[in-house]
Amino acid sequence: MQQRTLAQFQVSAVGLGCMGLSHAYGQQDESASLATLDRALDLGVNFFDTAEVYGPLRNEILLGKALKAKRDQVVIATKFGFTYRQERTDFGEITGTDGSPENARAVAEASLRRLQTDVIDLYYLHRVDPAVPIEDTVGAMARLVEQGKVRAIGLSEVSAETLRRAHATHPIAALQSEYSLWTRDVESNGVLDACRELGVAFVPFSPLGRGFLTGKLAPVAELSEGDFRRSLPRFQPEHAQVNRELVRVIEDMAAAKGVTAAQIALAWVLAQGEDIIPIPGAKRIPHLEQNVAAVDVRLDAADRARLDETFAPENVSGSRYPAALAAMAQK
Ligand SMILES: NC(=O)c1ccc[n+]([C@@H]2O[C@H](COP(=O)([O-])OP(=O)(O)OC[C@H]3O[C@@H](n4cnc5c(N)ncnc54)[C@H](OP(=O)(O)O)[C@@H]3O)[C@@H](O)[C@H]2O)c1
């Protein structure tokens with residue numbers, strides 16, 4: 001497995017986003033999840049992404065169990081900063097943000113226990129809390145680094161300006177935001193440029209467009225009742241039918257190269273720079289295997305230009321989040 005550099009860590013060029021194993025995307029099965037995590041380790045994946053809110057809590061517990069025996073060989077990233085209410089059994093409803101120093105400390109302690117470890121490699125603020133200056137949140141996270149409870153600090157879905165303020169408080173190792181063929185905001189809003197200027201690694205989440213860019217995702221009406229994608233504008237039929245036409249270009253390119261559409265979508269993300277470390281999510285082992293193999297898929301300049309043009313932001317229909325969640329992003 002090719003490696004990429006994320007601050008002091010050498011991580012697999014493709015990490016594993018673990019959210020779907022316990023949260024948001026329908027059916028979950030612990031023994032299947034453990035098998036997927038084992039297979040990821042076998043394939044040389046060493047970068048695992050979780051969060052307090054995934055499950056909530058269950059995803060960290062799962063990772064603790066799966067990774068304990070290989071703890072010194074893996075880089076575990078987790079996140080805090082959402083508040084949530086758990087009325088459903090399959091995932092918690094997000095109610096707001098809490099970036100207070102107290103919450104940064106309390107969640108870190110609880111995450112350490114759930115992950116069965118004595119240090120969190122990468123601790124992200126999941127969303128900026130508008131009621132707490134970023135300097136205060138990052139200051140508390142920096143204290144956790146001093147105490148040896150956290151190795152490196154990350155942020156998620158912040159603006160370039162917030163990243164700069166945070167980085168002036170304590171070096172930021174990684175910024176995680178949505179980035180894929182159909183979500184290109186970080187190219188134009190200064191975020192990717194700021195990461196490069198400051199030497200911050202960029203971790204694209206949902207690099208497969210939450211499955212849509214693979215061409216294999218069932219229509220939204222067929223997703224299970226609790227599937228989070230049912231609430232996302234882009235997946236609704238009026239938008240999905242426009243976006244599905246764009247995905248055909250990925251499928252044609254994949255067919256010509258003898259690879260899958262998922263691999264083309266991921267190869268495009270990987271080709272954006274050595275500082276980019278995507279974390280595709282996969283519950284199914286064949287999906288995981290395909291995604292790992294995407295590191296060997298080459299796109300030439302003409303391929304990339306075709307994809308860039310096809311997925312120009314004005315060609316993508318529908319927003320990525322409903323209004324309440326959009327209001328929390330890119331702060
Ligand atoms: N910071 C944040 O706010 C934030 C937000 C969202 C996600 N994330 C992180 O980013 C990770 C990845 O994002 P994501 O899971 O939302 O979306 P994603 O990686 O873009 O897509 C995951 C979906 O694609 C399917 N899939 C994966 N590989 C495939 C393949 N080769 N062929 C066909 N289908 C395939 C998966 O199916 P199966 O699961 O059935 O295999 C799943 O439904 C998450 O797990 C989480 O750790 C962070």
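Numbering of ligands and ligand atoms starts at 1, following listing order. Values below: every heavy atom of this structure, side chains too, minus hydrogens, waters and symmetry copies.
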Contact atoms of ligand 1, heavy-atom distance to [X] under 4.0 Å:
{"X": "Asp49", "answer": "9 (C), 46 (C), 47 (O)"}
{"X": "Pro207", "answer": "19 (O), 20 (O)"}
{"X": "Arg127", "answer": "2 (C), 3 (O)"}
{"X": "Gly209", "answer": "20 (O)"}
{"X": "His126", "answer": "1 (N), 2 (C), 3 (O)"}

Exercise for the section: Return yes when Tyr124 approaches ligand 1 closer than 4.0 angstrom through a heavy atom, no otherwise. Expected result: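 So Tyr124 does not count as touching ligand 1.
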Exercise for the section: Compute the minimum heavy-atom distance from Gln263 to ligand 1 and say whether it is under 4.0 Å. Expected result: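 The answer is no: ligand 1 sits nowhere under 4.0 Å from a heavy atom of Gln263.
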Practice task
Please name the residue in the list Phe82, Phe80, Tyr84 that meets the ring-ring contact (aromatic ring centres under 6.0 Å, His included) test with His126.
Solution key: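 One option only clears the test, and that one is Phe82.
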What residue and atom, counting heavy atoms only, is the protein's closest point to [atom], and at what distance?
{"atom": "atom 20 (O) of ligand 1", "result": "Leu208 N, 2.7 Å"}
{"atom": "atom 27 (C) of ligand 1", "result": "Gly281 O, 3.0 Å"}
{"atom": "atom 6 (C) of ligand 1", "result": "Phe205 CD1, 3.3 Å"}
{"atom": "atom 15 (O) of ligand 1", "result": "Tyr25 CE1, 3.4 Å"}
{"atom": "atom 12 (C) of ligand 1", "result": "Ile279 O, 3.0 Å"}
{"atom": "atom 28 (N) of ligand 1", "result": "Asn291 ND2, 2.9 Å"}
{"atom": "atom 39 (O) of ligand 1", "result": "Lys283 N, 2.8 Å"}
{"atom": "atom 13 (O) of ligand 1", "result": "Ser206 N, 3.0 Å"}

Out of [options], indicate the one that has the non-hydrogen atom closest to [atom].
{"atom": "atom 32 (N) of ligand 1", "options": "His287, Glu157, Glu289", "answer": "His287"}
{"atom": "atom 25 (C) of ligand 1", "options": "Ser33, Gly211, Pro278", "answer": "Gly211"}
{"atom": "atom 31 (N) of ligand 1", "options": "Met328, Met19, Gln290", "answer": "Gln290"}

Has ligand 1 got any nitrogen or oxygen that is less than 3.5 angstrom from a nitrogen or oxygen of [X]?
{"X": "Tyr321", "answer": "no"}
{"X": "Thr50", "answer": "no"}
{"X": "Lys79", "answer": "no"}

Practice task
Cation-pi check, Arg234 to Trp182: give yes when NZ or CZ is under 6.0 Å from the six-membered ring centre and within 45° of the ring axis, no otherwise.
Solution key: yes
Exercise for the section: Report the C-alpha separation of Leu57 and Glu52 in whole Å, then their side-chain angles, then the decisive distance to 0.1 Å, and conclude whether the side chain to side chain contact (heavy atoms under 4.5 Å, CB included) test is met. Expected result: CA-CA 5 Å; Leu57 315 183; Glu52 176 199 29; 3.8 Å; yes
Handout entry: Donor-acceptor pair between Thr183 and Asp185 side chains, under 3.5 angstrom
Key = no
Exercise for the section: Step through it carefully: locate the ring centre of Tyr25, locate the ring centre of Phe228, and say whether they are under 6.0 Å apart. Expected result: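 No, they do not, as the ring centres are separated by 6.0 Å or more.
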Practice task
In plain terms, say whether Asp303 and Arg298 are close enough for a salt bridge, that is, a side-chain N and a carboxylate O under 4.0 Å apart.
Solution key: no
Exercise for the section: Please say which of Glu30, Gln28, His23 ends up in a side-chain hydrogen bond (donor to acceptor under 3.5 Å, both in side chains) with Arg58. Expected result: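 By the side-chain hydrogen bond (donor to acceptor under 3.5 Å, both in side chains) criterion, Arg58 pairs with just one of Glu30, Gln28, His23: Gln28.
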Handout entry: Hydrophobic cluster of Leu266, others only, ordered by chain and residue number, side-chain cut-off 4.5 Å
Key =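 Leu266 shares its hydrophobic cluster with Leu208.
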Completion exercise
Scanning both residues in full, the closest heavy-atom pair of Leu181 with Ala265 reads CD1-CA, 4.2 Å
